[in-house]
Amino acid sequence: MLKADKGQSVHLSGKGLSIAVVQARFNAGITDRMTQICRAELILLGVKERDFKLVTVPGALEVPIALKALADSDDYDALIAIGCIIRGETYHFELVANESGSGVTRVSLDYGIPIANAILTVEDMVQAEARVEEKARDAARVAIEMANLLEELT
C-alpha cells in the first residue's frame, strides 16, 4: 500500500550480509528502475557491492525458480524478488500474480530464507510508476531486517 503506516522503524544494518535480487525483465522500464533503487538502498544500508548479486529472468512466473536456485546455493542471507505485473484484459493477470506470489512464499518457507517480495501487481502503468521508489526501498529494508532477525532467532 502506497505510503502505508509501516510501524516504528528499526535500526537497519546490512553490514556483512549477502543479498541477491531476482528481477523479471517483463515491464523492464519499471523493474530496471526498481532494481537500481533497491541496490542503492542496500549499499546505503551497508551491504557491500561484492555481496550483492543480480539475476534476471523473463517474467514474474520465472522468479521463484531462480530464487530456489539461489537458496540452494546457501550463499545468501536474504533474497529479493522484483517484478511488475500490470492487469490486462484476461485472467492471465490473476494467474501470474497469484502463482508468482505463491512461489516466492514457498521458496522462503521451504528454505528458511527471507525473501522480500517486490513484485508489483497494479492496474496500469500510472500505478506502477507511483510505486517504484517506495516498493524498491522497502524491499531492501525488509531483506536486511529479516536477515538480521533470523540471525537473532536461530
Side-chain angles (χ1 to χ4, degrees), residues 1-10 12 14 17-47 49 51-72 76-111 113-150:
M1 190 155 122
L2 195 59
K3 301 194 187 300
D5 179 359
K6 297 170 189 156
Q8 188 175 10
S9 66
V10 298
L12 295 174
L17 295 179
S18 183
I19 297 178
V21 170
V22 176
Q23 176 197 333
R25 292 187 305 269
F26 205 87
N27 292 314
I30 296 293
T31 64
D32 287 347
R33 284 199 359 250
M34 288 180 72
T35 297
Q36 291 168 357
I37 292 165
C38 182
R39 180 185 215 146
E41 187 74 4
L42 289 168
I43 291 167
L44 180 71
L45 294 170
V47 175
E49 187 73 37
D51 295 325
F52 174 88
K53 179 173 182 76
L54 173 64
V55 174
T56 62
V57 296
L61 285 175
E62 293 76 35
V63 168
I65 192 69
L67 291 169
K68 180 187 177 303
L70 290 165
D72 273 336
Y76 302 97
D77 299 296
L79 304 172
I80 299 171
I82 291 180
C84 180
I85 306 166
I86 300 174
R87 185 179 298 279
E89 298 173 4
T90 68
Y91 178 72
H92 189 67
F93 171 86
E94 282 82 5
L95 174 84
V96 175
N98 292 337
E99 294 302 318
S100 64
S102 177
V104 169
T105 300
R106 190 167 128 207
V107 172
S108 181
L109 294 174
D110 286 353
Y111 285 85
I113 187 169
I115 302 176
N117 187 345
I119 298 176
L120 293 175
T121 52
V122 295
E123 296 294 323
D124 54 37
M125 190 60 79
V126 172
Q127 284 185 356
E129 293 282 349
R131 286 162 174 76
V132 166
E133 188 166 340
E134 185 175 355
K135 191 69 167 179
R137 288 188 199 291
D138 282 351
R141 294 175 161 279
V142 165
I144 288 172
E145 181 175 347
M146 292 305 296
N148 288 327
L149 177 62
L150 284 188

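Treat the numbers as computed from the prediction; the structure is a model and nothing was measured.
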Asks: Could you state the interatomic distance from OG1 (T121) to CD (Q127), rounded to the nearest 0.5 Å?
Replies: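 So the gap between those two atoms works out to 9.0 Å.
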
Asks: Name all residues meeting the salt bridge (Lys or Arg N to Asp or Glu O under 4.0 Å) criterion together with E41; count only those two or more places apart in sequence or in a different chain, and write none if there are none.
Replies: R137, R141

Asks: Would you compute the distance between atom CG of L44 and atom CZ of R39 and round it to the nearest 0.5 angstrom?
Replies: 14.5 Å

Asks: Count the heavy atoms belonging to other residues, nucleotides or ligands that lie under 6.0 Å from CZ of R106, then report whether that count exceeds 12.
Replies: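 Open: at most 12 neighbouring heavy atoms sit under 6.0 Å from CZ of R106.
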
Asks: Out of curiosity, T31 OG1 to I85 CD1, how far, rounded to the nearest 0.5 Å?
Replies: 11.5 Å

Asks: Report yes if some heavy atom in the side chain of L149 is under 4.5 Å from a heavy atom in the side chain of M146; otherwise report no.
Replies: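 Touching, per the 4.5 Å side-chain cut-off.
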
Asks: Who pairs with S100 by side-chain hydrogen bond (donor to acceptor under 3.5 Å, both in side chains), at least two apart in sequence or on another chain?
Replies: none

Asks: How close do A139 and A118 get, counting heavy atoms only, and between which atoms?
Replies: CB-CB, 3.7 Å

Asks: So which pairs with a foot in residues 55-64 pass salt bridge (Lys or Arg N to Asp or Glu O under 4.0 Å), sequence neighbours left out?
Replies: none

Asks: Considering non-hydrogen atoms only, spot the tightest contact between A71 and I113 and give its length.
Replies: CB-CG2, 4.2 Å

Asks: Roughly how far, to the nearest 0.5 Å, is CD1 of I82 from OG1 of T56?
Replies: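 So the gap between those two atoms works out to 11.5 Å.
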
Asks: Looking at every non-hydrogen atom in both residues, tell me the closest pair between V122 and F93 and how far apart they are.
Replies: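 Where V122 meets F93 most closely, the heavy atoms are O-CE1, 3.5 Å.
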
Asks: For residues G101 and N117, report the shortest heavy-atom separation together with the two atoms involved.
Replies: CA-ND2, 4.0 Å

Asks: Going by the rule side-chain contact (heavy atoms from CB on, under 4.5 Å), which residues pair with N98 if we only count those two or more places apart in sequence or in a different chain?
Replies: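 Only E94 meet the side-chain contact (heavy atoms from CB on, under 4.5 Å) criterion with N98.
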
Asks: Within this structure, what is the CG-CD1 distance for the pair L45 and I144, rounded to the nearest 0.5 Å?
Replies: 4.5 Å

Asks: Check step by step if side-chain contact (heavy atoms from CB on, under 4.5 Å) holds for L17 and N148.
Replies: CA-CA 9 Å; L17 295 179; N148 288 327; 3.9 Å; yes

Asks: Can you sort out the partners of D72 under side-chain contact (heavy atoms from CB on, under 4.5 Å), two or more places apart, ordered by chain and number?
Replies: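 In terms of side-chain contact (heavy atoms from CB on, under 4.5 Å), with neighbours along the sequence ignored, D72 is linked to K68, Y111.
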
Asks: Who pairs with S108 by side-chain contact (heavy atoms from CB on, under 4.5 Å), at least two apart in sequence or on another chain?
Replies: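 S108: side-chain contact (heavy atoms from CB on, under 4.5 Å) contacts with I115.
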
Asks: Could you walk me through whether I30 and M125 pass side-chain contact (heavy atoms from CB on, under 4.5 Å), step by step?
Replies: CA-CA 9 Å; I30 296 293; M125 190 60 79; 3.7 Å; yes

Asks: Taking the side chain as C-beta and beyond, is there a heavy-atom pair between T90 and L95 under 4.5 Å?
Replies: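 They are not in contact (no side-chain heavy atoms under 4.5 Å apart), so the answer is no.
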
Asks: Residues in salt bridge (Lys or Arg N to Asp or Glu O under 4.0 Å) with E123, at least two apart?
Replies: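 Expected list: R87.
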
Asks: Which pair of non-hydrogen atoms, one from L67 and one from A81, has the smallest distance, and what is that distance?
Replies: CD1-CB, 4.1 Å

Asks: Rounded to the nearest 0.5 Å, what separates atom CG in D77 from atom CD1 in I19?
Replies: 7.0 Å

Asks: If every non-hydrogen atom of D124 is compared with every non-hydrogen atom of I86, which pair is closest and at what distance?
Replies: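 Looking at all heavy atoms of both residues, the closest pair is CA-CG2, 3.7 Å.
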
Asks: Working note: I37 + M34, criterion side-chain contact (heavy atoms from CB on, under 4.5 Å); need CA distance, chi angles, decisive distance, verdict.
Replies: CA-CA 5 Å; I37 292 165; M34 288 180 72; 6.0 Å; no

Asks: If the condition is side-chain hydrogen bond (donor to acceptor under 3.5 Å, both in side chains), which residues does T35 pass it with, not counting sequence neighbours?
Replies: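 Result, side-chain hydrogen bond (donor to acceptor under 3.5 Å, both in side chains) vs T35: Q23.
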
Asks: Could you pull out all residues at least two apart from E129 that satisfy side-chain hydrogen bond (donor to acceptor under 3.5 Å, both in side chains)?
Replies: R33

Asks: Would you say E99 and L61 make side-chain contact, with heavy atoms under 4.5 Å?
Replies: yes

Asks: Any sub-3.5 Å donor-acceptor pair from N27's side-chain atoms to C84's backbone N or O?
Replies: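 Confirmed, N27 side chain pairs with C84 backbone.
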
Asks: Mind checking what makes side-chain contact (heavy atoms from CB on, under 4.5 Å) contact with L70, not counting sequence neighbours?
Replies: A20, V22, K53, V55, Y76, L79

